[in-house]
Visitor: 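Take a look at the following structure, please.
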Amino acid sequence: MRVGLFVPCLVDQCFPETARSTRRVLERIGARVDVPGEPVCCGQLLFKAGLWRKTVPAAKRMIRVFERFDRVVAPSGSCVHMVRRHYPTLFQEDPVWRDPSLELSRKIFELSEFLVHQSGVEDVGAFFPGRVTYHDSCQVLRGLGVREEPRRLLARVRGLELVEMDPPDTCCGFGGVFSFKFPDAAGALALAKAERILATGAGTVTGCEPSCLMNIEGVLRRAGHGVKAFHLADILAGSTAGSRPQSNHGTP
Amino acid sequence: MDVRSDRIRESSRAALEDRDLQRALGRAGPLLKSMRNAGMATLDRPEALRERAHAVKRETMARLDEMLTLLESRIKEQGGQVHWARSADEANRVILELARKNRARSVVKGKSMATEEIGVNDALSRSGIDVFETDLGEFIIQLAGEPPSHIAAPAIHKTRQQVSALFARHFGAEPTDSIPEMTRFARRILRERFLAADMGITGVNFAVASTGTIVLFENEGNIRLTTSLPRTHVAVMGMEKVIPTLEDLDVFLRLLGRSATGQKLPSYVSLLNGPRRTGERDGPEAFHLVILDNGRTRILGDPELRETLYCIKCSACLSFCPVYLQIGGHAYGWAYSGPIGSVLTPQLVDRKRACDLPYACTLCGACAEVCPVKIDLPRLMVALRRRYQESPEWPGPSSRVERAGMELYAKALEHPALYRLVSRLARIVQVPFRRGDRLVHLPPPFKGWAAHRAVRPLPPRPFHSRSAGSPGHPEEVEDE
């Protein structure tokens, strides 16, 4: 199966290691992974800001670039949700792009759902020592309906103990343009999230959405807490005893 | 009521610093959520019921004119009168005229969002008529001179200490921490007001077209007194509140109480059919229904936004909204707050003043998950943002700098060469802000972000780094 790896702009710019981790995990389960040579972005930020006309060229590039793949996988639930849920809306009245947009929306997957449902893999042979808590990102949980997949994957990671937050599924307050228009309310929400994470006693928080992790990590670090934030891909990519994943979230 | 939604950024900041408010919200949030969830859990097939409710609303909106005309004739057959109000001013004029005709000096009111929307209390007070709110929460905030901050629990922003202080200040009551004691005190005062009132004003939860029945939900019995003791009962309804039949009412009876407070049924459900008839011992001599448009026809005619009108004002979306639970209802600056306020207000008031509301949302989707009529609130939120950005009839909320930034971002996504250039420039521009593993003293629009978070510098190279050869190989990217 030819899998196209979609590296969203945030991952490309801020978390290149997470893109490499995703690739490593996919290759480890035997997928033929290919990365488009040019950076490409789904246009989610523009779309959700209300700039639909400006989203169209980015979305068309996205559709074109991934046309040749059987499956497309991304380490970002919100970007996958953007394509799956909103591309059909964006192109519903465009006779040329409607079908290609539907095709992409049907073959794009967030990493954990791809592993569990498309590949039937729960044990990727990973090792990660320590207590980890999982943050349910809004677009991953309520958008894609992905709740159990990452937990099932984490349950098979050697050395890893999963501890749940109470509750794990409240918004971290990022919300794209929201955190720029309402930075203080966003900050208060992120802080509330951080407190729930700290209450678990976990040394690491993970998730399937890089924007949430960036938000959460920033608040935790500003408050001087040592809790690290790793994308699920970074945890799943850790393979040998003693080696911690290298990531922009956790390693200065 | 005055619109202050253009101040939401400032007022939300103030709300975050208000310790009493934060304490009240911090307590109310988990409580409201667990009550609603427990209530819905008592339903056999909640999903099917929510879908049914959505379908009833969709079908009703498709023939709203017919439903409202039927409602009008049924009410008239029962001896009631019906008034159509195109705007808030028209509704207030109708109500004021009715009060004058009845020589009303004192009016009691049941909790009603429609009357908050039109600001009838002010209109009546200006004409020298005393208006008394009789719902306990509304009674409290009327004393405080504040609007409601939650659709179902209007005084949710008040702590018991603040309520006790209000009672002491206005009535010389003994300060107390006991809620039952304060409730008994309010009840004594309200009882006198009910007995002295010439007119009662309420809202409408549902109006059943086929039978001309006005349905009212409450927990305190104050609405039942408001609709039966005074000579005249005036009910004010947004025109979307009509439903076709009593069978349809059954659907909403099971959903509204559970969604609002987790109750299978509220303590009182009143089904009112016009004024008192000969031989009947209770009820008002006259019954008037005011059907309020105030912008609703415009929403009805807008296929993309019409779903807004399906709302039954249960307030579940507020109780589950992370943003609402941080900033409270007043920050939204008008009668309706939370997610439904953010989509309804821009469609009912001066658009420019409400332009920030659809952005006061993280699009987390918690609201849509609990809405008893399955309104896709995040979709409406984004649809409104689009209007504000792309339609000349919707004056935009974005500054020139924001627009320029978005323009550059959009162009970069379209053209990889520009994307790479911006990516390289960003790595140069960040240098003077760098202190070890942090960026500090960042200018807007990153200033607010950086105020609450330690910001990491961009890594030396993005994943797609041309100079590093084919992407995705760590050794090549990092060892260049």
Side-chain angles (χ1 to χ4, degrees), chain A residues 5 7 9 11-17 19-20 23 33 35 37-41 43 45-55 57-58 61 138-139 142-143 170-171 173-192 214-215 217-219 221-222 248 252, chain B residues 8-9 12-13 16 322-323 326-327 356 358-366 368-369 382 384-390 397-398 402 406-407 409-410 413-414 416 419-420 423 426 436-438 445-449 451-456 458-459 461-465 470-474 477:
Chain A
L5 174 60
V7 180
C9 60
V11 175
D12 181 40
Q13 289 298 316
C14 301
F15 309 113
E17 190 54 41
R20 289 188 277 274
R23 176 180 204 144
V33 184
V35 193
E38 296 287 355
V40 58
C41 164
L45 184 70
L46 296 167
F47 181 86
K48 290 184 177 170
L51 296 157
W52 288 23
R53 282 198 292 261
K54 287 200 205 316
T55 313
R61 261 200 75 221
C138 301
Q139 309 307 326
R142 284 176 283 274
T170 51
C171 181
F174 176 66
V177 284
F178 171 78
S179 55
F180 288 92
K181 290 222 181 228
F182 294 90
D184 301 299
L189 284 169
L191 201 58
M214 178 174 73
N215 184 34
E217 194 266 351
V219 168
R221 202 156 58 96
R222 184 173 183 276
N248 306 96
Chain B
I8 180 169
R9 294 216 225 183
S12 64
R13 250 197 314 276
L16 289 166
V323 180
Q326 286 293 334
I327 67 176
D356 280 330
Y359 291 92
C361 163
T362 65
L363 301 176
C364 80
E369 214 173 40
V382 176
L384 283 165
R385 293 179 184 185
R386 182 192 181 195
R387 302 280 168 107
Y388 276 118
Q389 296 295 342
E390 298 189 340
S398 301
E402 280 169 18
M406 285 300 204
E407 181 69 43
Y409 179 62
L413 299 190
E414 195 180 349
Y419 178 98
R420 289 181 196 281
S423 160
D437 64 350
R438 276 175 82 154
F446 303 103
K447 196 178 169 189
W449 171 268
H452 299 276
R453 298 162 194 83
V455 183
R456 275 189 194 285
L458 294 168
R461 261 168 294 283
F463 179 76
H464 284 102
S465 180
S470 70
H473 296 287
V477 177

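Note on naming: letters A, B, ... go to the chains in the order of the sequence lines (proteins, then strands), and numbering restarts at 1 for each one. Keep in mind that this is a model prediction, so the values were computed, not measured.
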Visitor: Below 4.5 Å from any heavy atom of chain A, which atoms of B/L16 appear? Answer side chain, backbone, both or neither.
Guide: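 B/L16 touches chain A through side-chain heavy atoms alone.
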Visitor: Check whether any side-chain heavy atom of A/P16 sits under 4.5 Å from a side-chain heavy atom of B/P459, and report yes or no.
Guide: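 Yes; the side chains approach each other to less than 4.5 Å.
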Visitor: Can you find a pair of side-chain heavy atoms, one from A/P39 and one from B/R420, that are under 4.5 Å apart?
Guide: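 Yes, close enough: below the 4.5 Å cut-off.
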Visitor: Highest number of heavy-atom pairs under 4.5 Å with chain B: which of A/A58, A/A190, A/A186, A/G218?
Guide: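 Greatest number of close heavy-atom pairs with chain B: A/G218.
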Visitor: Please classify the contact of B/A360 with chain A as side chain, backbone, both or neither, using a heavy-atom distance under 4.5 Å.
Guide: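 For B/A360, heavy atoms of backbone and side chain both lie under 4.5 Å from chain A.
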Visitor: Can B/E414 and A/K54 be said to form a salt bridge (charged side-chain N to carboxylate O under 4.0 Å, His left out), step by step?
Guide: CA-CA 9 Å; B/E414 195 180 349; A/K54 287 200 205 316; over 6 Å; no
Visitor: At a heavy-atom separation under 4.5 Å, does B/L384 approach chain A through its side chain, its backbone, both, or neither?
Guide: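 Neither part, no heavy atoms under 4.5 Å.
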Visitor: Under 4.5 Å heavy-atom distance to chain B, tell me which part of A/Q139 shows up: side chain, backbone, both or neither.
Guide: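 For A/Q139, the contact with chain B is made by the side chain alone.
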Visitor: Look at A/L51, A/V33, A/V40 and state which one has the largest set of heavy-atom pairs under 4.5 Å with chain B.
Guide: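 Most heavy-atom pairs within the cutoff with chain B belong to A/L51.
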Visitor: Parallel, tilted or perpendicular: which one describes the rings of A/F174 and B/W449, with boundaries at 30° and 60°?
Guide: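 Taking B/W449 first and then A/F174, their aromatic rings stand perpendicular (interplane angle over 60°).
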Visitor: Any side-chain heavy-atom pair from A/Q13 and B/Y419 closer than 4.5 angstrom?
Guide: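 Sidechains of B/Y419 and A/Q13: in contact.
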Visitor: Run A/L45 and B/M406 through side-chain contact (heavy atoms from CB on, under 4.5 Å) and show every step you take.
Guide: CA-CA 9 Å; A/L45 184 70; B/M406 285 300 204; 4.3 Å; yes
Visitor: Quick check on B/Y388 against chain A: is it the side chain, the backbone, both or neither that has a heavy atom closer than 4.5 Å?
Guide: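 Neither part; nothing is under 4.5 Å.
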Visitor: Can you name the nearest heavy-atom pair linking B/L413 to A/G43, along with the distance?
Guide: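 So the two residues come closest at CD1-CA, 4.1 Å.
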Visitor: Looking only at non-hydrogen atoms, find the nearest pair between B/Q326 and A/A188 and report the distance.
Guide: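 Shortest heavy-atom contact: OE1-CB, 3.3 Å.
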Visitor: Return yes if some donor-acceptor pair links the side-chain N/O of A/D12 with the main-chain N/O of B/F463 below 3.5 Å, else return no.
Guide: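 Present.
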Visitor: Using heavy-atom distances under 4.5 Å, tell me whether A/V177 contacts chain B through its side chain, its backbone, both, or neither.
Guide: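 For A/V177, the side chain is the part near chain B, not the backbone.
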Visitor: Answer yes or no: is there a donor N or O on one side and an acceptor on the other, between the side chain of A/R142 and the main chain of B/C364, under 3.5 Å?
Guide: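 Confirmed, A/R142 side chain pairs with B/C364 backbone.
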Visitor: Taking B/H452 as the fixed residue, which of A/N215, A/L191, A/D184 is the one that meets the side chain to side chain contact (heavy atoms under 4.5 Å, CB included) rule?
Guide: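 Checked A/N215, A/L191, A/D184 against B/H452; only one passes side chain to side chain contact (heavy atoms under 4.5 Å, CB included): A/D184.
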Visitor: What are the two closest non-hydrogen atoms of B/D437 and A/R221, and how far apart are they?
Guide: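 Answer, listing the atom of B/D437 first, then A/R221: OD2-NH1, 3.1 Å.
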Visitor: Which answer fits B/R13, side chain, backbone, both or neither, if we ask what part of it has an atom under 4.5 Å from a heavy atom of chain A?
Guide: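 Contact with chain A involves the side chain of B/R13 alone.
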Visitor: Against chain B, label A/R53 side chain, backbone, both or neither, depending on which of its atoms sit under 4.5 Å from a heavy atom there.
Guide: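 Contact with chain B is through both the backbone and side chain of A/R53.
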Visitor: Looking at B/R453 and A/R222, would you say the former's side chain and the latter's main chain have a donor-acceptor pair under 3.5 Å?
Guide: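 No.
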Visitor: Based on non-hydrogen pairs under 4.5 Å, which of B/S12, B/G365, B/P416 is most in contact with chain A?
Guide: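 Looking at each option in turn, the highest pair count goes to B/P416.
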Visitor: Listed by chain and number, what are the salt bridge (charged side-chain N to carboxylate O under 4.0 Å, His left out) partners of A/K48, not counting sequence neighbours?
Guide: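 Salt bridge (charged side-chain N to carboxylate O under 4.0 Å, His left out) check on A/K48 returns nothing, list empty.
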Visitor: Measure the NZ-CZ distance between B/K447 and A/F180 for me, rounded to the nearest 0.5 Å.
Guide: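 CZ of A/F180 is found 14.5 Å from NZ of B/K447.
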Visitor: Return the CZ to CZ distance between A/F15 and B/R456, rounded to the nearest 0.5 Å.
Guide: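 CZ of B/R456 is found 8.5 Å from CZ of A/F15.
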Visitor: Given a strict heavy-atom distance threshold of 4.5 Å, which part of B/E390 is in contact with chain A: side chain, backbone, both, or neither?
Guide: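 Interface part for B/E390: both.
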Visitor: Any heavy-atom pair between the side chains of B/P322 and A/T170 that's under 4.5 Å?
Guide: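 A side-chain contact under 4.5 Å is absent here.
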Visitor: For the atom pair CZ (A/F182) and OG1 (B/T362), what is the distance rounded to the nearest 0.5 Å?
Guide: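 Taking CZ in A/F182 and OG1 in B/T362, the distance rounds to 11.5 Å.
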Visitor: Write down the atom of B/Y409, the atom of A/C41, and the distance for their closest heavy-atom approach.
Guide: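 Looking at all heavy atoms of both residues, the closest pair is OH-SG, 3.7 Å.
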Visitor: Side chain, backbone, both or neither: which part of B/E402 has a non-hydrogen atom closer than 4.5 Å to chain A?
Guide: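 B/E402 touches chain A through side-chain heavy atoms alone.
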Visitor: Which residue out of A/G175, A/G50, A/C9 racks up the most heavy-atom pairs below 4.5 Å with chain B?
Guide: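 Looking at each option in turn, the highest pair count goes to A/G50.
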Visitor: Quick check on the interface: out of B/V455, B/L458, B/D356, B/L363, who has the most heavy-atom pairs with chain A under 4.5 Å?
Guide: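 Between B/V455, B/L458, B/D356, B/L363, the count favours B/L363.
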Visitor: Output the option from B/S398, B/P358, B/A366 having the highest count of non-hydrogen pairs under 4.5 Å with chain A.
Guide: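 The answer is B/A366.
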Visitor: Show the nearest heavy-atom pair for residues A/V7 and B/H464, with the distance to one decimal.
Guide: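 Of all heavy-atom pairs spanning A/V7 and B/H464, the closest is CB-CE1, 3.9 Å.
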